[in-house]
Amino acid sequence: MNDLERREIQEAISAADEALYHLEAAKRQLNGASGWGLLDLFGGGFIIGLIKHAKMEHAEQEIQEAKYALQQFSKELQDVHGYSSIHIGELLSFADFFFDGFVADLLVQSKISGAKRQCDEAIYKVREIRRELTEKLNS
């Protein structure tokens, strides 16, 4: 492996780390929103609803950061021999679930659960590719 290939792999690993950072931050915010959402379902009131929606807004911000980071990861991955691109569309599809306005709390809980699941899938895929890149770099 030459220096250029090594550098390209290291850049892809760095981009994977950035994407994972934001995906995991989004997941933490979604977990928080889910917990507050459960309280809200059981009559938490106005303050609980505000906290839940604040967590959802923070999650949305992290998802947008993750979306950008995944796009950068995809670009870096294209420079690594053996990777044409990452299927960014399926990794990013979870980023579009947020909506404006208030909806029934049960629907919100369902959306949060779906986003958490998709976040987990994206984290798994990025970690798997990162592991392959690290193995390639160390071989």
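If you're wondering where the values come from, they're calculated on a predicted model, not measured in any experiment.
Separation of atoms CG (Asp79) and CZ (Arg7) is listed at 9.0 Å; rounding is to 0.5 Å. Considering CZ of Phe73 and CG of Asp17, their distance stands at 9.0 Å, rounded to 0.5 Å. Within the model, atoms CD of Gln118 and CD1 of Ile63 stand 9.0 Å from one another, a figure rounded to the nearest 0.5 Å.
What you find for Ala26 and Cys119 is that their closest heavy atoms are CB-SG, 4.2 Å.
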- [ ] Go through the steps to decide whether His58 and Glu62 satisfy the test side-chain hydrogen bond (donor to acceptor under 3.5 Å, both in side chains), and finish with yes or no.
- [x] CA-CA 6 Å; His58 287 117; Glu62 286 298 337; over 6 Å; no
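No more than 12 heavy atoms of other residues, nucleotides or ligands lie within 6.0 Å of CZ in Arg117, so this atom counts as exposed by the packing criterion. The environment of CG in Asp3 is sparse: at most 12 heavy-atom neighbours from other residues, nucleotides or ligands sit within 6.0 Å.
In this structure the side chain of Glu18 never reaches within 4.5 angstrom of the side chain of Gln72, judged on heavy atoms. Side-chain contact between Leu23 and Asp120 is absent, with no heavy atoms from C-beta onward closer than 4.5 Å.
Salt-bridge annotation for Lys136 and Glu132: absent, with no side-chain N of the basic residue lying under 4.0 Å from a carboxylate O of the acidic one. Checked for salt-bridge contact, Glu24 and Arg127 meet the test: a charged N lies under 4.0 Å from a carboxylate O. At a threshold of 4.0 Å, the pair Glu128-Lys125 does not count as salt-bridged, since none of the basic side-chain nitrogens sits closer than that to a carboxylate oxygen.
For the pairing with Val80, the side-chain contact (heavy atoms from CB on, under 4.5 Å) check across Leu137, Ile9, Ile13, Ile129 returns one residue only, Ile9.
Met1 and Leu77 fall within a single hydrophobic cluster, where Ile, Leu, Val, Met, Phe, Trp and Tyr are joined by side-chain heavy atoms under 4.5 Å apart, directly or via other members.
Between the Thr134 side chain and the Arg130 main chain, a donor and an acceptor come within less than 3.5 Å of each other.
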